[in-house]
Number of protein chains: 2
Amino acid sequence: MLSKKSQYAFKALEYLTERYKQGPVLISEISKKKKIPLKFLENILLELKKAGILDSKKGKGGGYFLSKDPAKVKVATIVRLVNGPIAMLPCVSLYFYERCKHCDEKKCGLHDMMIEVRDASLGILENRTLKDLAS
Amino acid sequence: MLSKKSQYAFKALEYLTERYKQGPVLISEISKKKKIPLKFLENILLELKKAGILDSKKGKGGGYFLSKDPAKVKVATIVRLVNGPIAMLPCVSLYFYERCKHCDEKKCGLHDMMIEVRDASLGILENRTLKDLAS
DNA sequence: TCAATTCCCTACCAACCTGATAGACTTAAA
DNA sequence: TTTAAGTCTATCAGGTTGGTAGGGAATTGA
């Protein structure tokens, strides 16, 4: 399941997508409109900024805004960033791969199945963007 | 990601599938062969028993065994039982559904996408059984 | 009937994660 | 130089995860 943090992140990104190229948006505005605890949202937005998804401006008239075209930001990227691995096992994860300790990947039945599940999910998440989310 | 508990559960079930209809298998044997902490495994097997997946016999010559044909036990069932929801959001879960607090399911972009992801995953997990896992 | 064997049950624990808050600091505009 | 913002560090309660301890209950067989 996506963490609450991830759900908040998506809500905030949806809001910012709707306001793409309309100047900085206040954290407090997003917080109110999307009903996300202010200080928690701060952390999330900051993380998204550090990852290059968002950019910000300080001081009066400041706020957050998308740093690139929402049609170019994949949902899969956000999930990985905020929520972690998409795969159900470390040994089938593309971005968070870890070798199985006590099981040979070549003859592990779970392994192959979970690769299928991963690819099925990625087939969707890699082909949807923030723009799809907001429309 | 599947919890370690879930991974242990699948390993144990794989072992029991290989020994289907060959009499009870000791917890300690599964523990050794599959390298699963004994007491932790006890809990897991007990839970699987209570859910009707396994059955057991006490005393000498006792142990655990599958209570039905491994070809009839879906992987999806085990995942839900031991790991929880398969869907990425409560509001798109079939077995663990919860209404979204601050978002209208009808116009929530995430919602529709996550239904697709869920169905893609279920397309696999609902159509594989313990038997597929072991072979 | 008694002892050995095996699962069953309750309780507990440390470590970590999650969701959230507090407060001070920095930058920039007016 | 005041005010409006984002930035940073720290902290916290509560829950989950992975795992352990120890005795109880049922079954077998001698």
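Note on naming: letters A, B, ... go to the chains in the order of the sequence lines (proteins, then strands), and numbering restarts at 1 for each one.
Distance B/Lys4 NZ to C/dC17 P: 13 Å, rounded to the nearest Å. For the pair B/Leu48 CG and C/dC8 P, the interatomic distance rounds to 12 Å; values are reported in whole Å. Nucleotide D/dG6 holds its P atom 11 Å from the CG atom of A/Leu46, rounded to whole Å. Taking atom CG of residue B/Asn83 and atom C1' of nucleotide D/dT16, one finds them 12 Å apart after rounding to whole Å. For the pair B/Met1 CE and D/dG18 C1', the computed distance is 15 Å after rounding to whole Å. One interatomic measurement links the two molecules: CD1 of A/Ile44 to P of D/dC8, which rounds to 16 Å at whole-angstrom precision. As a whole-Å value, the separation of A/Glu47 CD from D/dG6 C1' is 16 Å. Rounding to whole angstrom units, CD of residue A/Gln7 and C1' of C/dT18 are separated by 13 Å.
Of all nucleotides listed (D/dG19, C/dA20, C/dC9), C/dA20 comes nearest to the side chain of A/Tyr8.
With hydrogens and angles left out, the side-chain atoms of A/Ser31 and A/Ser28 include no donor and acceptor closer than 3.5 Å. Side-chain contact annotation: B/Ser56 with B/Lys49, donor-acceptor N/O pair under 3.5 Å present.
Residue-level contact check: B/Leu45 touches neither bases nor backbone, having no heavy atom under 4.0 Å from any strand.
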Task: Heavy-atom protein contacts under 4.0 Å, nucleotides 21-30 of chain C, coded B base, S sugar-phosphate only, - none - done: BBB---BSSS
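Across every non-hydrogen atom of B/Leu16 and B/Phe65, the tightest pair is CD2-CA, 4.4 Å.
Residue B/Ser56 places at least one side-chain N or O closer than 4.0 Å to OP1 or OP2 of C/dC8.
A donor-acceptor distance shorter than 3.5 angstrom exists from the side chain of B/Ser67 to the backbone of B/Ile53, with no hydrogens or angles considered.
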Open item on the list: I'd like to know whether A/Lys39 forms a salt bridge (charged side-chain N to carboxylate O under 4.0 Å, His left out) with A/Glu42, so could you lay out the CA-CA distance, the side-chain angles of the two residues, the decisive distance to 0.1 Å, and finally the verdict.
Closed with: CA-CA 5 Å; A/Lys39 296 296 278 181; A/Glu42 275 188 19; 3.4 Å; yes
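Applying the salt bridge (charged side-chain N to carboxylate O under 4.0 Å, His left out) criterion to B/Lys34, with sequence neighbours excluded, gives B/Glu14.
At least one cation-pi condition fails for B/Arg99 and B/Tyr97: the charged atom is not both under 6.0 angstrom from the six-membered ring centre and inside a 45 degree cone around its axis.
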